[in-house]
K.L.:
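Here it is, the structure in full.
Throughout, numbering of the chain's residues begins at 1 and tracks the sequence. Counting starts at 1 for both ligands and their atoms, following the listed order. Quick caveat, the model's predicted, so the values are computed rather than measured.
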Amino acid sequence: MRLDVFFTPDELAATDIREHVAIVVDVLRATSVIAQAIASGAKVIYPADTTEEAVRLGQNLDRAELILCGERGGIRIEGFDLGNSPLEFTPDTVGGRTLVMNTTNGTPALVAASTAARTLSASFLNLGAVAKAVAREQAVSIICAGRERRFALEDAVCAGMLIERLQKGRKSGPLNDAAAAALVLAKRYEGDLDAMMRTTAAGRQLMEIGHDHDVVYCAGLDQLDVVPRLEDRRITA
Ligand code: MLT
């Protein structure tokens, strides 16, 4: 299995991933929210590249069934129903509903990765489920959302832990340099994800706006047995 990591979606620019399985990671918090929403029974999630696109998408859907969700600066976007805390996405709130989601880094990363043969969404919460789902693939590209087009430590550690799971008990093919680096970071931090996330730029911002509980929750490993898949701009289980 060939394994590549991209620390930001911009790094994808020169790479053709049409034959690859893409796994998008935005631990704080978009892909953690997507795993939680799917586990809570959300029917479908439309990731939007911009807030304007989200509103436009919402106008074509049945408002009674629709939930507009997303953040800017970690705070719920004005006029939207939900923000981007996984703790808001309960079965009562999103069960059977249609979600249109826009976030700063995560949803644009999903849109950027949608050219892949198969596009999945991973976080620490559903790490094992996603690793199992791609175990037999030939080429896997792990795309980190990063933070405002820069490296995000929590995403790189998650990518490294995915590689560890995919290499376990099998001969692994070549790794690109980012994948090799992500593996080293995973070995350094996998013992205490919560402490690591509290040191990151995204983690600190969330704590500054009173979302400590999200940092703790998103550090939960293998809590959700879900594999969200993006196809035709729709994410379903
Ligand atoms: C993002 O997509 O940028 C993050 O999920 C932002 C956040 O949740 O605060």
K.L.:
Go through Glu88 and Arg76 one step at a time and tell me if the salt bridge (Lys or Arg N to Asp or Glu O under 4.0 Å) criterion holds.
P.N.:
CA-CA 11 Å; Glu88 299 173 88; Arg76 178 172 57 80; 5.8 Å; no

K.L.:
Taking CG in Asp225 as the centre, count heavy atoms belonging to other residues, nucleotides or ligands within less than 6.0 Å. Is the count above 12?
P.N.:
no

K.L.:
What pairs with Ile209 under side chain to side chain contact (heavy atoms under 4.5 Å, CB included), at least two apart in sequence or on another chain?
P.N.:
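Per chain and number, Ile209 pairs via side chain to side chain contact (heavy atoms under 4.5 Å, CB included) with Ile75, Leu206, His211.
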
K.L.:
Report, as yes or no, whether the 6.0 Å neighbourhood of atom CG on Asp16 holds more than 12 heavy atoms from other residues, nucleotides or ligands.
P.N.:
yes

K.L.:
Check Thr103, Asn84, Asn102 against Arg72 for a side chain to side chain donor-acceptor pair (under 3.5 Å) and give me the one that passes.
P.N.:
Asn102

K.L.:
Could you go through Ser85 and Asp214, starting from their C-alpha distance and side-chain angles, then the distance that decides it, and tell me whether this counts as side-chain hydrogen bond (donor to acceptor under 3.5 Å, both in side chains)?
P.N.:
CA-CA 6 Å; Ser85 164; Asp214 287 348; 2.7 Å; yes

K.L.:
Mind checking what residues have non-hydrogen atoms under 4.0 angstrom from ligand 1?
P.N.:
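The answer is Asp26, Leu28, Arg29, Ala30, Glu71, Gly74, Asn84, Thr103, Thr104, Asn105, Gly106, counting any residue whose heavy atom sits under 4.0 Å from ligand 1.
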
